[in-house]
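Have a look at the structure below, then the notes.
Fair warning: this is a prediction, and the values are worked out from it, not measured in the lab. Lettering follows sequence order; numbering is per chain, from 1.
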2 protein chains.
Amino acid sequence: MSAMSEPLDPAMFDSCPSVSAPIRFGDKWTAKIITCLEAGPRRFSELQAPLRGITPKVLTESLRAMERDGMVTRTAYPETPPRVEYELTPLGRSLLGPMAVGCEWIRAHMDELVESREAYEKRQDIPA
Amino acid sequence: MSAMSEPLDPAMFDSCPSVSAPIRFGDKWTAKIITCLEAGPRRFSELQAPLRGITPKVLTESLRAMERDGMVTRTAYPETPPRVEYELTPLGRSLLGPMAVGCEWIRAHMDELVESREAYEKRQDIPA
DNA sequence: CGGCATCCGGCTAGATACTG
DNA sequence: CAGTATCTAGCCGGATGCCG
């Protein structure tokens, strides 16, 4: 499991509607980070790519919060240049189930939600 | 179903750990509002009680957002004094499943999470 | 490479007061 | 009763720049 994992697809979240989805896990980035770590440990810079321009500060904050909550472990190797790896704990991994349920709901209902929003907009445009 | 429903317990959310739980539905109040509406339609002021001091402005905003997303319907009766009822749509009701899954996760793991946070704090207090 | 320090703009929850 | 109007304060995401 910790042997080797495929590189992350930088575009893996490009069509992800999570911004407007009504189900959220942790903060803005938590669910995506967990997804990135599903296949095995990842380095800081590996995570940055699919997260599309997340600033180091924000990524650090998110990872710290997840470490604090026991969702991930942080392992720093005393090398030069430094190397740090983040890995899911069992607790973090246990969120994958609820996340899958949430994603399924979104897949099944997101279009209704979008339609409803558009219909609502239209109603506002012609208010008698 | 629309006949009559028991009054809401004003304390129904008093021991709810949703603030620090890592799973969220919609905005801060959405999940609670859905829970309040589960048993049938409710009036604006009925919702205010268990939501412990939510201001009318914020409750209105939340309900509007949910109406926009097709989660609830708003029905105003032309009476004096005015009466308005909010009711779950099938779409809103369909969130109950994922919510139950999320709540179960929280029940099962919230204590681990809290322990982890406390342990983390301790580690910060004695940093060598 | 993997951060931390600093500063900033925008959003938003909330308090408060008023209205149909 | 069921909101609206207005104002404010706080937090948070993000940009930029520096360090080990």
Side-chain angles (χ1 to χ4, degrees), chain A residues 7-8 10 13 16 18-20 22 24-33 36-37 41-69 72-87 124 127-128, chain B residues 7-8 10 13 16 18-20 22 24-33 36-37 41-69 72-87 120 123-124 127-128:
Chain A
L8 293 172
F13 297 124
C16 176
S18 64
V19 183
S20 53
R24 304 290 282 279
F25 294 84
D27 77 348
K28 186 175 178 181
W29 303 100
T30 305
K32 289 178 179 176
I33 292 173
C36 289
L37 294 178
R42 298 286 180 181
R43 306 183 57 170
F44 190 87
S45 47
E46 276 187 291
L47 296 173
Q48 267 187 297
L51 266 21
R52 286 298 188 206
I54 187 176
T55 59
K57 174 200 164 194
V58 173
L59 181 53
T60 299
E61 285 171 354
S62 300
L63 288 167
R64 282 279 189 286
M66 293 173 72
E67 195 192 352
R68 198 179 89 102
D69 287 358
V72 302
T73 56
R74 177 184 184 276
T75 310
Y77 299 91
E79 309 168 353
T80 49
R83 182 166 58 97
V84 179
E85 282 192 343
Y86 295 92
E87 186 170 13
Q124 299 315 89
Chain B
L8 293 173
F13 296 124
C16 176
S18 64
V19 183
S20 53
R24 304 290 282 278
F25 293 84
D27 77 349
K28 185 175 178 181
W29 303 99
T30 305
K32 289 178 178 174
I33 291 173
C36 289
L37 295 178
R42 296 286 179 183
R43 305 182 60 169
F44 190 87
S45 48
E46 276 187 292
L47 296 173
Q48 268 188 296
L51 266 22
R52 284 301 186 202
I54 186 175
T55 60
K57 176 199 162 196
V58 173
L59 180 53
T60 300
E61 285 170 355
S62 300
L63 287 168
R64 283 277 189 287
M66 294 173 73
E67 195 191 352
R68 198 180 89 104
D69 287 357
V72 302
T73 55
R74 177 183 183 277
T75 309
Y77 299 90
E79 309 167 355
T80 47
R83 181 166 58 97
V84 179
E85 283 192 343
Y86 294 91
E87 186 169 15
Y120 187 88
R123 259 175 278 150
Q124 299 314 91

Enter the distance from Ile33(A):CD1 to Asp27(A):CG here, rounded to the nearest 0.5 Å. 7.0 Å
Whole Å only: how far is the CG atom of Leu51(B) from the C1' atom of dG3(D)? 16 Å
Looking at dA2(D), I'd like to know if its phosphate oxygens (OP1 or OP2) sit under 4.0 Å from a side-chain N or O belonging to Arg43(B). yes
Do Trp29(A) and Glu61(A) make a side-chain contact, defined as non-hydrogen atoms from C-beta onward lying under 4.5 Å apart? no
Length of the CG-P vector between Leu63(B) and dG3(D), whole Å: 8 Å
Using nucleotides 14-20 of chain D, report all nitrogen or oxygen pairs with the protein that are shorter than 3.5 Å.
residue : atom : partner  : partner atom : Å
dG14(D) : OP1  : Lys28(A) : NZ           : 2.6
dG14(D) : N7   : Lys57(A) : NZ           : 2.9
dG14(D) : O6   : Lys57(A) : NZ           : 2.1

Could you walk me through whether Phe44(B) and Leu59(B) pass the side-chain contact (heavy atoms from CB on, under 4.5 Å) check? CA-CA 8 Å; Phe44(B) 190 87; Leu59(B) 180 53; 3.8 Å; yes
Measure CD/Gln48(B) against P/dA2(D) and give the value in whole Å, please. 9 Å
Taking only residues two or more places apart in sequence, or in another chain, which ones meet Arg24(A) in a side-chain hydrogen bond (donor to acceptor under 3.5 Å, both in side chains)? none
Residues which pass side-chain hydrogen bond (donor to acceptor under 3.5 Å, both in side chains) with Gln48(B), listed by chain and number, not counting sequence neighbours: none
In whole angstrom, what separates Asp27(A)'s CG from dC11(D)'s C1'? 14 Å
Using whole Å, report how far CZ of Arg64(B) lies from P of dA2(D). 13 Å
Checking side-chain contact (heavy atoms from CB on, under 4.5 Å) for the pair Thr75(B)/Glu87(B): CA distance, chi angles, key distance, verdict? CA-CA 8 Å; Thr75(B) 309; Glu87(B) 186 169 15; 5.7 Å; no
Write down the atom of Lys32(A), the atom of Cys16(A), and the distance for their closest heavy-atom approach. CE-SG, 4.2 Å
Outermost contacting nts on DNA chain C, any atom under 4.0 Å from chain B heavy atoms, listed 5' then 3', are dA13(C) to dG20(C)
Side-chain heavy atoms of Leu63(A) within contact of Arg74(A), under 4.5 Å: no
Rounded at 0.5 Å granularity, tell me how far OH in Tyr86(A) sits from CD in Glu67(A). 7.0 Å
Set of side-chain hydrogen bond (donor to acceptor under 3.5 Å, both in side chains) partners for Arg64(B), sequence neighbours left out: none
From CZ (Arg43(A)) to CG (Leu8(A)), nearest 0.5 Å: 13.0 Å
Please work out if Tyr86(A) contacts a base, only the sugar-phosphate, or nothing of the nucleic acid, heavy-atom cut-off 4.0 Å. sugar-phosphate
Overall bend - the helix from dC1(C)-dG20(D) to dG20(C)-dC1(D), comparing terminal axes fitted on five pairs, nearest 10 degrees: 50°
